[in-house]
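Notes follow once the structure below has been shown.
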Amino acid sequence: MSETMTMGTRVKLSAMMFLQFMMFAVWWAALTVYMTNQGDAWTRWVPWIIATQGFGSLAAPLMGMLADRYFNGEKVLAFSNALCAVMLFMAARATSGVEVFVYLLIAMLFYMPTWGLTAAIAMANSPAEQFPQIRVFGTIGWVASVLFGFVAVNVFGTKIDGTVIPFYCGAGAALVAAGVALLCPATPPKGKGQPFSPVDALGLKAASMLKDKNFFVFIMVTLVAMIPFNIHFAYIGDFLAAKGFQQVTAVAYIGQAAEVFCILAVTWAMRKFGVKWSIVAGLAALAIRYAAYYFAAGSMTELVYIGILIHGIVFGFLVVGGQVYVGKTAKPEMQGQAQGFYAFVAFGIGSIIGAFANDALINKFTEKVAQEGGTYLKTGQWDKVWLVTLACSVICLVVMALLFNPKEDKQEAA
């Protein structure tokens, strides 16, 4: 990884992160609301469509290998974003739930691996301790995506939540992101010349890192933690709608605004407290979030904001902190595959399990009720939904606190 970074490089990498997350955030939060509004024939596809994020992450090791062995990372990123733009445009024009599923599946097979790929590109061109300062622009882009909705309401007098317009917005942002990727610093494959291997294509070489006890504990806890993490990430729109919130995307992304400051604090926290307690803090925040939602499901609706605002600690310390840990643990020639393997487990397997488990959990304790104007709400015992996710979060917290003990000292942790 680079030990220095020019201002030009910083700007390009920051713009890369900004657009990479904006192009996804603008349509993701309101996706379940949109699908629910289309009726039962579409609603049955909701868990499958949410799971496309996980299916897409399964391709992360393959994309990581391509960037490690064959093609410059920025070129792989540009191609992926251009294809995503086409697929999001087609999803906006889909006339059935199965069409939306197919288009988003293709889009996510190329988009989700870019979370690991952009991390690898950034870390290859900047000092590791400065990665959070680059990654924070992804969060800023996520928050900035709400501007599409505000402009639509205040300038054009139309509401985009629950419509196809966010797909078009995502397609446009993806096209711009493809262009910006080509402007990023050249990131040639460090493992160029090594022969193709099915083991590498499946990310199994990076899986060899599981021989280390601490890395194994980290990956296993991350896998389980992504199940409760997924329910906020994918289904919070349904809960907010059930509680009577308007502009659900904007409300949900308040947490991303707070995340900006939390990600910047990751570097300091890892230096001060080390990798272990930084990641444990993220898991503790995950548990606090669902405790807040549990009480908010009753009469204490205002606690919703605590659960949303604490998202910054959850994502910043658990996910971004995890990326930093993986980056410092993996060998230089395996950075792309290691980040891809992490994405494979966290946002692949964990998200797929979470998509179906959380959909089943929500359907068990809530029911879809028709509203005036042809819209629907999922109402019922949301408190029981949040109690289950709280229990899962607490178990992850305890296991990580007791069994995860990486050898890095506090000064080297960041």
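These numbers come from a predicted model, not from an experiment. Residue numbers run from 1 in the order of the sequence given.
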Quiz item: Take atom CZ in Phe356; do more than 12 heavy atoms of anything else shown fall under 6.0 Å from it?
Solution: yes

Self-check item: Audit row: Trp268, Phe273, ring-ring contact (aromatic ring centres under 6.0 Å, His included) steps and yes/no
Solution: CA-CA 8 Å; Trp268 171 83; Phe273 304 108; 5.5 Å; yes

Exercise. Heavy atoms only: give me the nearest Arg289-Gly307 pair and the separation to one decimal.
Key: NE-O, 3.3 Å

Quiz item: With distance as the sole test, does Lys276 use its side chain to make a donor-acceptor pair with the main-chain N or O of Ala401 at under 3.5 Å?
Solution: yes

Quiz item: Does the side chain of Trp45 come within less than 4.5 Å of Val98's, by heavy atoms?
Solution: yes

Quiz item: Is there side-chain contact between Asp359 and Trp48, with at least one heavy-atom pair below 4.5 Å?
Solution: no

Quiz prompt | Rounded distance [0.5 Å steps], OG in Ser14 versus CE in Met7 | solution = 9.0 Å

Quiz prompt | Heavy-atom closest pair, residues Ala225 and Leu286 | solution = O-CD2, 4.0 Å

Quiz prompt | Spacing of CE belonging to Met209 relative to OG1 belonging to Thr329, to within rounding of 0.5 Å | solution = 5.0 Å

Quiz item: Would you say the side chain of Phe239 lies within less than 4.5 Å of the side chain of Ile231, judging by non-hydrogen atoms?
Solution: no

Under 3.5 Å, sequence neighbours excluded: what are the donor-acceptor pairs made by side chains of residues 100-113?
{"residue": "Tyr111", "atom": "OH", "partner": "Gln20", "partner atom": "O", "Å": "2.6"}
{"residue": "Tyr111", "atom": "OH", "partner": "Trp115", "partner atom": "NE1", "Å": "2.8"}

Self-check item: Exam field: side chain Asn230 to backbone Met226, donor-acceptor pair closer than 3.5 Å
Solution: no

Quiz item: So with a 6.0 Å cut-off around CZ of Phe365, is the heavy-atom count from everything else above 12?
Solution: yes

Exercise. Would you confirm whether the ring centroid of Phe167 sits within less than 6.0 angstrom of the ring centroid of Phe89?
Key: no

Quiz item: Going from CG on Asp383 to OH on Tyr293, what distance comes out if it is rounded to the nearest 0.5 angstrom?
Solution: 15.0 Å

Practice problem: Using the side chain to side chain contact (heavy atoms under 4.5 Å, CB included) rule, take Val221 and Leu283 through it: C-alpha gap first, then chi angles, then the decisive distance, then the call. | Solution: CA-CA 10 Å; Val221 171; Leu283 289 168; 3.9 Å; yes

Practice problem: Look at atom CZ of Phe79 and say whether more than 12 heavy atoms of other residues, nucleotides or ligands are closer to it than 6.0 Å. | Solution: no

Practice problem: Step by step, work out the side chain to side chain contact (heavy atoms under 4.5 Å, CB included) result for Ile121 and Leu13. | Solution: CA-CA 8 Å; Ile121 291 173; Leu13 295 176; 4.0 Å; yes

Quiz item: Please walk me through it: do Tyr235 and Ile50 pass side chain to side chain contact (heavy atoms under 4.5 Å, CB included)?
Solution: CA-CA 9 Å; Tyr235 294 95; Ile50 294 300; 4.0 Å; yes

Practice problem: Could you tell me whether the side chain of Lys384 and the main chain of Thr366 form a donor-acceptor pair under 3.5 Å? | Solution: no

Quiz item: Side-chain contact, heavy-atom cut-off 4.5 Å: Tyr342 with Val319?
Solution: yes

Self-check item: Side-chain H-bond candidate by donor/acceptor type, Thr6 with Arg10, under 3.5 Å
Solution: no

Quiz item: With ring centroids as reference points, do Phe229 and Tyr290 lie under 6.0 angstrom apart?
Solution: no

Quiz item: Once you round to the nearest 0.5 Å, how far does CD1 of Ile219 lie from CG of Leu210?
Solution: 6.5 Å

Exercise. Please name the pair of heavy atoms, one in Ala92 and one in Tyr168, separated by the smallest distance, quoted to 0.1 Å.
Key: CB-CZ, 3.5 Å

Practice problem: Can you see which heavy atom on Pro406 is nearest to which on Val275, and at what distance? | Solution: CG-CB, 4.3 Å

Practice problem: Indicate yes or no: at least one non-hydrogen side-chain atom of Asn81 is less than 4.5 angstrom from one of Leu175. | Solution: no

Practice problem: Search all heavy atoms of Cys169 against all heavy atoms of Val26 and return the closest pair with its distance. | Solution: CB-CG2, 3.7 Å

Practice problem: Hey, could you give me the CE/CE distance between Met22 and Met17, rounded to the nearest 0.5 Å? | Solution: 15.0 Å

Exercise. Compare all side-chain heavy atoms of Val46 with those of Ile49 and state whether any distance is below 4.5 angstrom.
Key: no

Exercise. Evaluate the side-chain proximity of Leu240 to Lys243: yes if any heavy-atom separation is below 4.5 Å, no if none is.
Key: no

Quiz item: Can you find a pair of side-chain heavy atoms, one from Ile140 and one from Phe21, that are under 4.5 Å apart?
Solution: no

Self-check item: Evaluation steps, side chain to side chain contact (heavy atoms under 4.5 Å, CB included), between Phe218 and Ile279
Solution: CA-CA 9 Å; Phe218 166 74; Ile279 295 176; 3.8 Å; yes

Self-check item: Aromatic ring pairing Tyr325/Phe404, orientation class (parallel under 30°, perpendicular over 60°, tilted between)
Solution: perpendicular

Self-check item: Trp142 and Phe24: CA distance, side-chain angles, deciding distance, ring-ring contact (aromatic ring centres under 6.0 Å, His included) verdict
Solution: CA-CA 8 Å; Trp142 195 295; Phe24 176 78; 5.8 Å; yes

Self-check item: With sequence neighbours excluded, residues passing ring-ring contact (aromatic ring centres under 6.0 Å, His included) with Tyr294
Solution: none

Exercise. To the nearest 0.5 Å, tell me how far Lys12 NZ sits from Leu182 CG.
Key: 11.5 Å

Practice problem: Indicate yes or no for a side-chain donor-acceptor contact from Lys213 to the backbone of Leu403 under 3.5 Å, with no hydrogens or angles considered. | Solution: yes

Practice problem: May I ask you to decide if Ile227's main-chain N or O and Asn358's side chain share a donor-acceptor pair within less than 3.5 Å? | Solution: yes

Quiz item: Below 6.0 angstrom between ring centroids: does that apply to Trp28 and Tyr34?
Solution: no

Quiz item: Taking atom types as modelled and ignoring hydrogens, do the side chains of Asn72 and Glu74 form a donor-acceptor contact shorter than 3.5 angstrom?
Solution: yes

Self-check item: Non-hydrogen atoms of Val320 and Arg135 that approach each other most closely
Solution: CG2-CG, 3.9 Å

Give every donor-acceptor pair under 3.5 Å between a side-chain atom in residues 386-398 and any protein atom, sequence neighbours left out.
{"residue": "Thr389", "atom": "OG1", "partner": "Trp386", "partner atom": "O", "Å": "2.9"}
{"residue": "Ser393", "atom": "OG", "partner": "Thr389", "partner atom": "O", "Å": "2.8"}

Exercise. Scan side-chain atoms only and decide if Asn125 and Thr187 contain a donor-acceptor pair under the 3.5 Å cut-off.
Key: yes

